[in-house]
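Before any comments, here is the structure.
Chain letters run A, B, ... following the sequence lines, proteins first, then strands; residues in each count from 1. Just so it is clear, the model here is predicted, and its values are computed rather than measured.
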Amino acid sequence: MNTTESFAELPVTPKPPLRRFHQARWDEPIIFELSAPGRRGIAVPEPGAPRVELPDSVSRAQPPKLPEMSQLHVLRHYLRLSQENLGADLNIDVGQGTCTMKYSPKVNDRFAAAIAELHPLQHEDTVQGVLEIYWRLERMLGEISGMARVSLQPGSGSAAIYANIAMIRAYHAARGEARRDQVITTMFSHPSNAACAKTAGYEVITLMPDADGLPDIEALRAAVGPRTAALMITNPEDTGIFNPRIREFVDLVHEAGGLACYDQANANGILGITRARDAGFDLCHFNLHKTFSTPHACGGPAAGACGVSEDLAPFLPGPVVAFDGESYHLETPPASIGKVRPFLGVTPNIVRAYAWIMALGAEGLRQVAETAVLNNNYLMHKILQIPGASAPWDRRRVEQVRYSWQELSEQTGVHSEEIGVRAADFGVHYWTSHHPYVVPEPFTLEPTESYSKEDLDEYALILAHVAEEARRDPEFVKGAPYNQTVHKIDMTPLDDPKEWAPTWRAYVRKHLS
Amino acid sequence: MARLRPQAPVMTGAAVVGLVVNPVAGLGGTAGLKGSDGVEVQRAALARGATPRAGERAARAVRTLMARRPGIRVLTVPGQMGEDSARAAGVPCDLIRTPSADRSAGAASGWSAAGTSAEDTRRAVAALAGVDLLLFAGGDGTARDVLDAVRALGGQAPPVLGVPAGVKVYSGCFAVSPAAAGFVAAEFDPARTAEAEVVDLDEDAYRRGLVSPRLYGSLRVPAVRTALSGRKAGSSGVASATAEGVAREVVARMRLGVRYVLGPGATTRAVGRALGLATTLLGVDVVERTPEGGRGGRLVAADVAETELFGLVSGKESVLVLSVVGGQGFVLGRGNQQVSPRVLDAVLDGGRFGPGERLLVLATQQKLAALKGRPLLADSGDEDLDKKLGGHVQVITGYRESTIYRICAASEEFDR
């Protein structure tokens with residue numbers, strides 16, 4: 001790529017001196033609108049496979065209301081949709097806010113696809129291989145976190161955090177300490193920690209950062225007491241700053257009789273370097289999609305893992321997998337908080353995560369973390385050279401940095417969100433979910449181990465270019481995007497429940513009938 | 001956060017700092033009058049037992065200034081508009097005579113509200129036009145008068161710095177405290193100035209519960225943003241929705257038989273609403289819970305002056321419920337001067353609860369985030385009492401939500 005050549009034919013001014021990018025535009029209908037009665041795909045049976053007639057007892061009375069499509073039309077439809085966005089396979093997505101976005105090796109999809117042949121109600125004797133994968137992955141994650149037991153039942157993100165808070169509640173209740181009704185968290189921990197604790201009925205106390213950007217330990221001293229149920233904390237926090245005094249935090253909470261719960265959503269930069277249990281934590285969770293290279297959730301089929309100390313093992317959500325030396329069995333821990341997902345959770349992602357860890361080995365995991373940290377600090381060095389960009393708190397970061405465009409914004413009137421949109425014109429992106437907005441005009445970048453030096457150079461060059469555009473012609477940047485399928489999106493319907501249509505049926509009911 | 005550190009003198013020893021004091025500034029605060037504009041309001045304030053405080057606050061600023069820069073000359077006008085404060089600080093000063101200042105000097109034997117007017121402030125500023133930096137003590141109304149005078153001076157006008165002494169101190173040209181004003185003046189570098197907005201409210205409308213802030217212009221101030229209080233920031237629509245949650249939490253914590261002093265503001269008013277009471281938006285009200293629970297509350301007294309408030313909380317289990325001034329962080333001393341040092345002392349030192357339970361601070365999390373790490377500030381008028389409040393407080397940010405936040409005496413914040 002020649003990064004200094006401008007593209008004279010591009011219908012924008014000024015011409016960007018960077019890689020040419022333009023999204024495809026298909027005006028693609030929703031798949032239900034493509035349906036034609038009687039149209040069918042072809043499912044060719046496996047050679048030699050016997051044809052089996054299903055008994056009436058397991059057959060539907062009515063066929064499912066799926067779109068009626070040929071295989072080719074389905075393929076075209078989804079390929080077109082994939083061209084109309086900044087998909088992870090097309091762009092440098094180091095700026096997903098607080099969401100780690102890393103490359104998911106395609107080969108792992110092949111292993112996961114095989115799971116589709118299984119049925120969740122099969123007897124455990126017939127799924128020994130899958131149960132073995134569960135059993136082994138539980139132990140791998142136990143080794144990575146230092147925790148005694150792991151459950152792969154929960155979904156990721158908030159679902160896993162909720163499982164943790166449910167275990168905390170059950171633990172205190174079992175000890176006759178239900179009076180513990182406060183959960184402490186920090187400003188830069190994932191907001192899900194506060195949200196889940198609140199949903200579970202706890203009062204939430206938030207700690208603000210001190211002058212160094214670390215959670216204020218004096219504030220923690222003021223917060224802990226006989227009502228403390230738990231500390232729920234992310235480390236590194238979403239600023240990318242690792243709290244080196246985390247053991248003191250855990251000890252303070254333990255002294256007050258509370259539990260310490262580690263949100264490991266930002267674990268990508270600490271794999272094989274630090275362990276939750278070694279810092280004294282009682283519970284932790286992983287998002288397999290963030291740290292172990294499975295597809296990102298976004299409300300969809302993500303998988304999580306909750307790890308706990310020996311004391312909390314009886315409360316784990318079940319079932320978990322047990323091994324008697326000969327075969328694998330499903331069992332429910334004695335004081336389990338119960339099932340938190342149907343069946344075994346999202347098995348294809350369990351298989352992907354298992355394959356990824358097996359491919360890397362212990363040394364590989366540590367190398368992932370070291371490369372992610374190195375990439376992050378390299379990118380930080382490049383970003384901080386851009387006039388108008390800064391990072392609050394002059395500290396080394398782990399795997400991400402929350403930057404600020406405050407200076408640029410004050411000088412040009414261009415906001416961070418507008419810079420992100422303009423950057424999308426070059427085929428890269430960041431989004432601006434940086435709640436709470438303590439850092440003005442924020443943007444959070446997290447390169448992970450997946451990107452090369454050239455990728456990071458290109459990303460920094462694009463941001464530098466957009467920042468320079470903002471100084472030269474702020475209205476031009478504010479007018480972006482110019483190279484996308486859709487221009488400006490009207491966000492107002494998002495605030496109006498009457499406009500929402502989370503399903504096709506809802507859309508038909510609200511807008512077509 | 002960067003801390004200001006003592007540095008080599010920037011102004012030379014021969015530099016001249018001007019001083020103008022609006023002696024009636026802040027009079028209406030303790031009287032519950034929300035301002036001090038106009039002779040009638042000042043008389044009413046005096047009748048309600050108010051005492052002037054601007055002179056003493058100006059003296060505190062001058063004391064800090066001279067402690068750090070003994071060689072600086074102070075130039076002021078006679079009497080209560082400057083000379084008295086300089087003398088109270090033990091500082092020799094040079095005087096410029098103006099007719100109004102002479103009048104004010106003539107009343108020196110006893111304080112006289114009728115001694116000065118807005119026009120006198122403008123004249124005094126004009127007379128001190130040649131100074132390197134002009135300190136003025138007052139509130140937003142005084143800042144407007146200073147702005148008028150500075151505009152008339154055009155390019156000859158000196159940079160100015162406000163010593164907070166009014167009821168409303170929402171403009172950005174004020175230091176966070178009198179001591180901070182003295183510190184900033186001592187460290188002032190003439191090459192580093194910035195523009196700060198002057199805003200004010202229509203006091204008559206304000207007393208009727210209508211908040212209509214107006215931007216009047218800007219003044220050139222020393223460029224030390226961390227030591228200036230910053231312009232008051234309003235609340236967003238989201239914040240007003242959150243206020244309902246905050247109010248529910250306060251009501252849930254209320255105990256029977258305890259008097260709750262609700263300071264001014266939309267959040268505290270939501271508390272009144274949650275109790276089914278018509279409390280005031282800008283006044284200080286006293287409420288109690290009633291045994292029937294739910295929305296049951298009793299309005300003990302509405303829109304009280306300091307003397308009445310002191311009577312209501314003395315010897316009675318009481319809790320202060322105060323909101324944070326957006327953008328500035330003040331909990332005490334801005335718009336709620338009715339909560340005087342003796343009221344504060346009576347509440348904090350009396351009763352059975354721990355100190356942390358006698359002061360409930362309310363704010364949205366957005367408001368705390370907007371402070372960018374700066375602490376909450378107490379400027380009750382008694383520095384020792386403010387220092388006793390220092391430490392971490394639990395700020396209620398929603399229903400069953402709070403944030404632990406640092407609070408300190410405004411006089412201690414000047415070195416940040």
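By the side chain to side chain donor-acceptor pair (under 3.5 Å) test, Ser218(B) pairs with Glu195(B), sequence neighbours left out. With sequence neighbours excluded, no residue satisfies salt bridge (Lys or Arg N to Asp or Glu O under 4.0 Å) with Arg220(B). Listed by chain and number, the residues in a side chain to side chain contact (heavy atoms under 4.5 Å, CB included) with Asp181(A) are Arg227(A), Arg400(B) (sequence neighbours excluded).
Enclosure of atom CZ in Arg396(A) is not indicated, since only 12 or fewer non-hydrogen atoms of other residues, nucleotides or ligands lie within 6.0 angstrom. For NZ of Lys498(A), the number of neighbouring non-hydrogen atoms (other residues, nucleotides, ligands) closer than 6.0 Å is 12 at most.
Among all heavy-atom pairs drawn from Thr403(B) and Met208(A), the shortest one is CG2-CG, 3.5 Å. Contact record, Ala369(B) with Met187(A): CB-CE, 4.3 Å, taken as the closest heavy-atom pair.
In this structure, the separation between CD on Gln365(B) and OG1 on Thr206(A) is 4.5 Å, given to the nearest 0.5 Å.
The part of Pro440(A) that comes within reach of chain B is its side chain, from C-beta onward, which places non-hydrogen atoms under 4.5 angstrom from that chain. Both the backbone and the side chain of Glu401(B) have a heavy atom closer than 4.5 Å to some heavy atom of chain A.
For residues 385-393 of chain B, the interface with chain A (any heavy-atom pair closer than 4.5 Å) comprises His392(B), sorted by residue number.
Salt bridge status for Arg253(B) with Glu203(A): present, with a side-chain N to carboxylate O gap under 4.0 Å.
The closest side-chain heavy-atom distance from Ile205(A) to Ile404(B) is below 4.5 Å.
Counting heavy-atom pairs closer than 4.5 Å to chain B, the top-ranked of the candidates Val183(A), Ile184(A), Asp216(A) is Asp216(A).
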